Amino acid sequence: MAGKNDKMERIVALCKRRGFIFQSSEIYGGLAGFWDYGPLGTELKRNIKDAWWKDMVLSPPPGPDGKDIQMVGVDCSIIMNPRVWEASGHVGGFSDPMIDCKECKGRFRLDQVFHVLLKREPNGEPFAACSVESDSPDGAVEAAEAKAKKLSKKHGGGDYVAEAISFESVMTSEELRANLPCPACDKQGCLTEPREFNLMFQTYVGALQDHTSVAYLRPETAQGIFANFKNVMDSTRVKVPFGIGQIGKAFRNEINPRNYTFRSREFEQMEIEFFCHPDEGRKWWEYWRDVRLNWYEHLGIAGDNLRPREQEEEERAHYSQACIDIEYLFPFSDEPQELEGVAHRGCYDLSKHGQYAKGKENAFAVIDEQTKERFVPHVIEPSAGADRFTLAAITEAYTVDENRASPEFMKFHPRLAPIKAAVFPLVAKDGMPEIAEPIYRQIREEYTCQFDTKAAIGKRYARMDEAGTPFCFTIDGQTKEDGTVTVRNRDDASQERIPKEGCLKYLKEKLAR
RNA sequence: GCGGGCGUAGCUCAAUUGGUAGAGCAUCAGCCUUCCAAGCUGAAUGUUGACGGUUCGAACCCGUUCGCCCGCUCCA
């Protein structure tokens, strides 16, 4: 494993040295879970987002029937009405107080642990107690059966009645808590007081800071799309089936951000919500699964490191009918990590907003003009992490070849490369810079390009290798004689000669989608 | 959030254990250089992660805090 971590450390070092990724506010000691993209990283990430937008929203592959599919884009605000997060379940379901066991390090949701009292009939005198995890009091009694039997035996056996009390009611008293046993290890008095673990960042809207003005930074971009479903339908003439795409920041106050930029507290998502007839959910889910997988492969995230993994039924959210995680094996882990999930979410989200948005009960149903059928569309959600893809592109591109002058270089897909080309005079004299400069100016009109006259040519090539620049045009002594320049290919350091007027055309051909 | 380790120039590391922080690489300038990090000359670079304490004196000892790494935990 040392070798693997070593690789990750080298990648992190290269990213800093060459200006791909910096720690946020580094001069003040940084802040866990936040990262900045430097000049090269910014170009790389923008290329990724542009490729996604172009390939998924502006010009997506033909649908299952071979015809064009309908896609439009939105760009929603980060702070929304807090009711959105009640409807989505982010406020209710994921802000529960938790308690920890200091002994066994177990963590429990306060509303899912119960104190089970064993009472002796007929006077109902409790003689023993234990704790268990369960989602209901009845379930708690059942779950406590084995523990209760043991406890009963310890206290002389005989008949008893078990009664479950929620921890919520017991925890209010310091005295009672001091004696509560842990549901996992049964040790007494080692539980912490209940603590809130809401993963949403909170803020206040307006000058008044109280509970009436609380708002949240969105923990996902999807809800802005759902909330605008009707607006998009009313303003664009799209009809089901169609999709809405969005690229934007989202925020999760992760307990423990780790693994470089992989689990950040501020991150960018590239999401599609595709709306279709309930009967066609499976078909569209398969379409998007294939489209998304092909996209990664097309951009060079291919081979053994890319691991699509269909989720088992137990693993999926209760409303989800199918889900595939597109995972990537990063050097920092033995387990593949999720880059994207393509989920079949049924009508869960639209129905929820129908319930929560007052007077909008019918806003999310559509009518099929042919059959007059009225239905709430089902949703297929390909949700990708832009920063995760960026990190995958970086680790996938990172190549070691000790035989080269540049033993480390970045083999980005040309479409993703931050710098597309460099123009070098072989030496800074004999009129070579004068020939090179106009070529550089011409390329710069359309592509990121660098011009460098300094240092030995090998050093300049090596610098471009670390930046992942796929092509370098070099003006040499022969250029003045026959008007040709050399093109150096990053991947194998091979060279060919082309007419000096043909540099831009050459790039256009190589960088075509 | 818990336990363990760590923090010195952009990077890799020194500093005789409490006595004014230095080297290589990289960077920049000049010379030289006709295809893969060559050479020569010169230059710049640090509140030793931050804050506080002990001391005549702290990179070094103590406390707090921030960050990084490893293992748990978490990951809608």
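Here is the naming used below: chain letters follow the sequence lines, and residue numbers restart at 1 for every chain. Keep in mind that what you see is a predicted model, and the values were worked out from it rather than measured.
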Toward the 5' end of RNA chain B, by each residue's nearest nucleotide, A:Pro257 or A:Lys16: A:Lys16
Distance test, side-chain N/O of A:Arg463 to OP1/OP2 of B:rU27, below 4.0 Å: yes
Euclidean distance, atom CZ of residue A:Arg252 to atom C1' of B:rA76 [Å, nearest integer]: 6 Å
Donor-acceptor pair present, A:Asp476 side chain and B:rC35 base, under 3.5 Å: yes
B:rA14 and B:rC56, which share atom name C1', separated by this distance in whole Å: 28 Å
Contact under 4.0 Å: A:Lys459 side-chain N or O vs B:rU27 OP1/OP2: yes
Integer angstrom distance from the C1' of B:rG46 to that of B:rU8: 8 Å
ring-ring contact (aromatic ring centres under 6.0 Å, His included) evaluation trace for A:Phe471 with A:Phe473: CA-CA 7 Å; A:Phe471 307 105; A:Phe473 300 103; 7.2 Å; no
Sugar-phosphate only, base, or nothing, as touched by A:Glu466 at under 4.0 Å among non-hydrogen atoms: base
Nucleotide B:rC68, atom P - distance to CG of A:Asn259 in whole Å: 11 Å
Pair A:His413-A:Glu396, side-chain donor/acceptor within less than 3.5 Å: no
Pair A:Tyr506, A:Glu496: side-chain N/O donor-acceptor within cut-off below 3.5 Å: yes
Pairwise C1' distance for B:rC61 and B:rU54, with rounding to whole Å: 8 Å
Whole-angstrom distance between B:rC69 and B:rU34, as gauged at atom C1': 47 Å
Syn/anti state of B:rU17 by chi, 90° boundary around 0: syn
Distance-only polar pair, side chains of A:Ser320 and A:Tyr348, donor-acceptor under 3.5 Å: no
Whether A:Gln246 side chain and A:Cys76 backbone form a donor-acceptor pair below 3.5 Å: yes
Between P of B:rA76 and OH of A:Tyr348, the distance in whole Å: 14 Å
P gap between B:rG3 and B:rG63, integer Å: 15 Å
Out of B:rA38, B:rC36, B:rU34, whichever nucleotide has its closest atom nearest the side chain of A:Ala456: B:rA38
Polar side chain donor-acceptor pair, A:Tyr398 to A:Glu408, under 3.5 angstrom: yes
Nearest-angstrom distance, P atom, B:rG19 to B:rG4: 30 Å
Between C1' of B:rG67 and CD of A:Glu26, the distance in whole Å: 10 Å
Closest listed nucleotide, where the reference is the side chain of A:Gln23 and the choices are B:rA37, B:rC68, B:rU33: B:rC68
Between B:rU47 and B:rC6 - P atom distance, rounded Å: 23 Å
Sugar-phosphate, base or nothing in reach of A:Ala428, heavy atoms under 4.0 Å: base
Audit row: A:Arg265, A:Glu254, salt bridge (charged side-chain N to carboxylate O under 4.0 Å, His left out) steps and yes/no: CA-CA 6 Å; A:Arg265 290 184 163 130; A:Glu254 299 286 355; over 6 Å; no
A:Ala13 or A:Arg460, whichever maps to the more 5' nucleotide of RNA chain B: A:Ala13
Where RNA chain B forms stems, i.e. three or more consecutive Watson-Crick or G-U pairs with both distances under 3.5 Å: B:1-7 with B:66-72, B:10-13 with B:22-25, B:27-31 with B:39-43, B:49-53 with B:61-65
pair A:Lys249-A:Leu217: side-chain heavy atoms closer than 4.5 Å: no
A:Tyr319 OH - B:rA76 P separation (whole Å): 10 Å
Nearest-Å distance for atom pair CG/P, residues A:Asn256 and B:rC2: 11 Å
Touch class at under 4.0 angstrom, heavy-atom based, for A:Gly477 against every strand present: base
Residues A:Tyr319 and A:Asp349: side-chain donor-acceptor under 3.5 angstrom: no
A:Glu408 (side chain) and B:rA37 (base): donor-acceptor pair under 3.5 Å: no
Rounded interatomic separation in angstrom, taking NZ from A:Lys429 and C1' from B:rG30: 15 Å
Residue-phosphate contact under 4.0 Å: A:Lys454 side-chain N/O, B:rC28 OP1/OP2: no
Check: A:Arg488 side chain, B:rC35 base, donor-acceptor under 3.5 Å: no
Flag for A:Arg497-A:Gln478: side-chain donor and acceptor within less than 3.5 Å: yes
Atom P, compared across B:rA38 and B:rA26: separation rounded to whole Å: 7 Å
Nearest listed nucleotide, side chain of A:Arg258, among B:rA37, B:rC69, B:rG67: B:rC69
Value in whole Å for how far the C1' atom of B:rU34 lies from CD1 of A:Ile457: 10 Å
